[in-house]
There are 2 protein chains.
Amino acid sequence: MRKVLLVDDEKRMLDLLALYLQPHNYECMKASDANEALQLLEEKSFDLVLLDIMMPGMDGWELCKEIRNMSDIPIIMVTAREQKADIIKGLKLGADDYIIKPFNEDELLARMEALLRRQAPTHAIEWNGLRWDEIKYELTYQGRSIKLTPKEFAMIGLLMKNPNQVFERERLIELIWGFESETGGRTVDSHVRNIRDKIRQSGFPIDDHFITVWGIGYKWIHAPHG
Amino acid sequence: MRKVLLVDDEKRMLDLLALYLQPHNYECMKASDANEALQLLEEKSFDLVLLDIMMPGMDGWELCKEIRNMSDIPIIMVTAREQKADIIKGLKLGADDYIIKPFNEDELLARMEALLRRQAPTHAIEWNGLRWDEIKYELTYQGRSIKLTPKEFAMIGLLMKNPNQVFERERLIELIWGFESETGGRTVDSHVRNIRDKIRQSGFPIDDHFITVWGIGYKWIHAPHG
DNA sequence: ATAAATTGTCAAGATATATTGTAGTCTTTA
DNA sequence: TAAAGACTACAATATATCTTGACAATTTAT
């Protein structure tokens with residue numbers, strides 16, 4: 001379920017967009033001005049922003065700049081006027097794409113997915129009954145909880161959220177312990193072992209998924225190497 | 001200097017595009033049909049493809065699919081008709097963006113730069129189904145994994161990323177082992193042998209691509225000597 | 001055709017890395 | 001403040017990789 005922030009001063013437009021996107025597996029939140037949008041962006045996490053550039057108060061350009069200032073979230077501008085200069089301005093301010101109103105809804109969807117294909121943040125992820133949930137702060141297999149320590153939880157979450165991607169020990173330390181950490185590389189191995197032990201006891205075939213990449217580090221894969 | 005491949009059946013269009021892009025620090029190469037385009041893509045490396053979808057013979061869709069099959073290079077489709085369905089089709093085939101002819105040249109430039117801005121340095125390369133992926137730390141042929149050791153993986157990646165370029169043994173040692181390495185030249189041969197063995201077993205015609213340059217070293221070529 | 005030079009092959013020893021066992025130290029919790 | 005839990009470290013063992021040298025095969029030059 002991808003989360004989208006809709007920003008438009010017309011309530012009707014917000015409703016229409018939400019009505020269209022929800023069946024396509026998008027969770028929508030609405031903001032009718034720039035301040036509201038910024039506040040939501042700070043509080044929640046979104047996967048994409050759909051931004052109408054014609055708004056009262058701080059306009060779309062300003063908001064676009066502001067958003068780009070604080071994150072790399074994909075932005076699609078919605079514009080009522082087909083004015084090339086405006087579009088260029090938006091793209092230069094950091095928007096990733098634009099669409100002209102009134103627009104074909106399928107095209108909007110295609111463009112959103114083209115953008116999202118490049119990134120996919122998640123707060124929960126499940127594979128073959130093994131579920132990692134950051135909000136519940138819990139790892140479960142077939143509904144039964146597997147008790148993990150904070151480091152263990154962070155590590156398996158990182159790997160599950162980035163399947164197939166190899167993480168070197170140094171990189172794991174940076175991402176889980178923090179950049180200034182003095183922790184040694186062998187320590188990572190210890191945590192790996194503990195994670196494997198605990199999950200193995202649950203019955204989940206952890207050794208098919210949590211893979212050692214010899215000479216490099218570790219990664220999560222979706223299927224045993226065939 | 002970014003390299004762009006222009007694909008269009010109209011010579012005049014190719015010239016116009018090149019004339020416009022060159023002053024903006026783009027090196028342009030031209031192809032007037034799909035085969036020519038594919039050949040250039042095999043021989044050279046590009047940062048972006050500008051692709052007219054209306055062409056004789058293999059059409060733009062087919063070419064787009066073909067390109068996406070072998071690389072992740074950004075593709076902008078150029079279309080004469082403002083037909084929404086076509087645009088969606090293109091995006092779903094893997095194009096990254098489109099622009100409608102006749103177009104504002106500034107907009108084209110803005111779109112090109114928007115795409116290039118989010119393009120990371122090449123971490124993966126594929127040829128004829130043989131895919132080297134640094135993030136997955138994995139070499140696959142037709143989806144099946146070929147297990148390599150770190151040195152082997154580094155070497156084939158280096159060669160594949162620099163097709164047609166000969167690397168002397170000394171140079172390979174510098175680049176893979178590091179400048180201070182005391183490793184002897186014969187060692188390179190051993191790794192080469194192991195790489196060839198492993199890849200040959202996968203079914204990929206490695207001996208057509210991984211070439212010994214007698215008296216010098218090794219290189220990767222895209223097609224058998226011809 | 002022959003010799004010289006270069007590359008290919010192989011397997012064993014040397015080296016490097018990962019796993020596991022054990023234990024000490026630090027942090028959190030009750 | 002004591003106990004439990006979490007984190008880190010070290011050492012022993014297991015496993016995988018790298019290197020090397022001798023010889024075979026191939027290519028090149030005469």
Side-chain angles (χ1 to χ4, degrees), chain A residues 137-139 145-159 166-178 180-201 206-221 225, chain B residues 137-139 145-159 166-178 180-201 206-221 225:
Chain A
Y137 204 85
E138 192 180 53
L139 183 76
S145 176
I146 300 168
K147 197 152 173 285
L148 296 181
T149 71
K151 291 279 187 291
E152 292 162 5
F153 186 79
M155 192 184 296
I156 189 137
L158 180 62
L159 290 171
V166 179
F167 290 87
E168 302 123 48
R169 288 176 179 70
E170 293 304 321
R171 186 94 182 106
L172 288 170
I173 290 169
E174 279 177 17
L175 292 169
I176 296 170
W177 276 259
E180 331 73 21
S181 170
E182 305 281 333
T183 302
R186 292 303 99 201
T187 299
V188 173
D189 299 28
S190 282
H191 288 283
V192 167
R193 173 184 44 151
N194 293 335
I195 291 171
R196 283 171 167 161
D197 279 353
K198 289 177 181 178
I199 297 182
R200 200 176 293 115
Q201 287 194 340
I206 183 68
D207 299 303
D208 291 343
H209 296 273
F210 197 132
I211 299 294
T212 301
V213 180
W214 212 92
I216 310 296
Y218 299 95
K219 72 172 168 178
W220 182 270
I221 62 170
H225 53 294
Chain B
Y137 206 86
E138 192 180 54
L139 183 76
S145 177
I146 300 168
K147 197 155 170 280
L148 297 181
T149 70
K151 291 278 187 292
E152 293 162 5
F153 185 79
M155 192 184 297
I156 189 138
L158 179 61
L159 291 171
V166 181
F167 289 88
E168 304 121 48
R169 289 176 179 69
E170 299 300 325
R171 186 94 182 106
L172 287 171
I173 290 170
E174 278 177 16
L175 291 170
I176 296 170
W177 277 258
E180 331 74 19
S181 171
E182 305 281 335
T183 303
R186 286 305 94 198
T187 301
V188 173
D189 298 29
S190 274
H191 288 286
V192 167
R193 179 181 98 85
N194 294 334
I195 291 171
R196 284 172 168 162
D197 274 357
K198 289 177 180 178
I199 297 182
R200 201 177 291 116
Q201 286 195 340
I206 183 67
D207 300 303
D208 291 343
H209 296 274
F210 197 133
I211 300 294
T212 301
V213 181
W214 211 88
I216 312 293
Y218 299 95
K219 72 171 171 180
W220 181 270
I221 62 170
H225 47 73

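Owing to the predicted nature of the structure, the values given are computational and were not obtained by experimental measurement.
The interatomic distance linking Leu148(B) (CG) with dT17(D) (C1') rounds to 13 Å, in whole Å. Per the geometry, CZ belonging to Phe153(A) stands 16 Å off C1' belonging to dA6(D), to the nearest Å. Leu172(A) places its CG atom 12 Å from the P atom of dA18(C), with the value rounded to the nearest Å. If you measure from atom CD1 of Ile195(A) to atom P of dT20(C), you get 13 Å, rounded to the nearest angstrom. The nearest whole Å value for the distance from the CG atom in Asn194(A) to the P atom in dT19(C) is 13 Å. We find that CZ of Arg200(A) is positioned 11 Å from P of dT19(C), with the value rounded to whole Å. The distance between atom NZ of Lys219(B) and atom P of dT7(C), rounded to the nearest whole Å, is 14 Å. Rounded to an integer number of Å, the gap from CG of Asp197(A) to C1' of dT20(C) is 9 Å.
For Arg186(B), no side-chain nitrogen or oxygen approaches OP1 or OP2 of dT19(D) to under 4.0 Å. When the side-chain nitrogen and oxygen atoms of His191(B) are compared with OP1 and OP2 of dT19(D), one or more of them lie within a distance under 4.0 Å. Between Thr149(B) and dA16(D) there is no side-chain N or O to OP1 or OP2 distance below 4.0 Å.
Which of dA18(C), dG21(C), dG8(C) sits closest to the side chain of Thr212(B) comes down to dG8(C). Across dT19(C), dT9(C), dA5(C), the shortest atom-to-atom separation from the side chain of Tyr218(A) is found for dT19(C). Closest to the side chain of Trp177(B), out of dT19(D), dG21(C), dT20(D), is dT19(D). For Arg169(B), whose side chain is taken as the heavy atoms from C-beta onward, the closest listed nucleotide among dC7(D), dT7(C), dT19(C) is dT7(C). Closest contact between the side chain of Thr187(B) and the listed nucleotides dT20(D), dC7(D), dT17(D) involves dT20(D). Comparing dA6(D), dA18(C), dC18(D) by their nearest atom to the side chain of Pro150(A) picks out dA6(D). Each of dA18(C), dT28(D), dA9(D) was ranked by its minimum atom distance to the side chain of Trp214(A); first place goes to dA18(C). Listed nucleotides dA9(D), dT19(C), dT20(D) differ in distance to Asp189(A); the shortest reach to its side chain belongs to dT19(C).
Side-chain to base pairing of Ser190(B) with dT20(D): one donor and one acceptor N or O lie within less than 3.5 Å of each other. Side-chain to base pairing of Arg196(B) with dG8(C): no donor and acceptor N or O lie closer than 3.5 Å to each other.
Along DNA chain D, the nucleotide nearest Lys198(A) and the nucleotide nearest Arg193(A) are compared for position; the residue whose nucleotide lies closer to the 5' end is Lys198(A).
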Trace of the side-chain contact (heavy atoms from CB on, under 4.5 Å) decision for Arg169(B) with Tyr218(B): CA-CA 8 Å; Arg169(B) 289 176 179 69; Tyr218(B) 299 95; 3.2 Å; yes
Residues Ile199(A), His209(A); criterion side-chain contact (heavy atoms from CB on, under 4.5 Å); working and verdict: CA-CA 11 Å; Ile199(A) 297 182; His209(A) 296 273; over 6 Å; no
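In this structure a side-chain-to-backbone donor-acceptor pair under 3.5 Å is present from Glu152(A) to Thr149(A).
A salt bridge links Arg171(A) with Glu174(A): the distance from a Lys NZ or Arg NE/NH1/NH2 to an Asp or Glu carboxylate oxygen falls below 4.0 Å.
At the heavy-atom level, Ile216(B) lies under 4.0 Å from the strands shown only through sugar-phosphate atoms.
Ile146(A) CD1 to Arg200(A) CZ: the interatomic distance, rounded to the nearest 0.5 Å, is 12.0 Å.
In plain terms, the two heavy atoms of Leu159(A) and Phe210(A) that are nearest each other are CD1-CZ, 3.3 Å.
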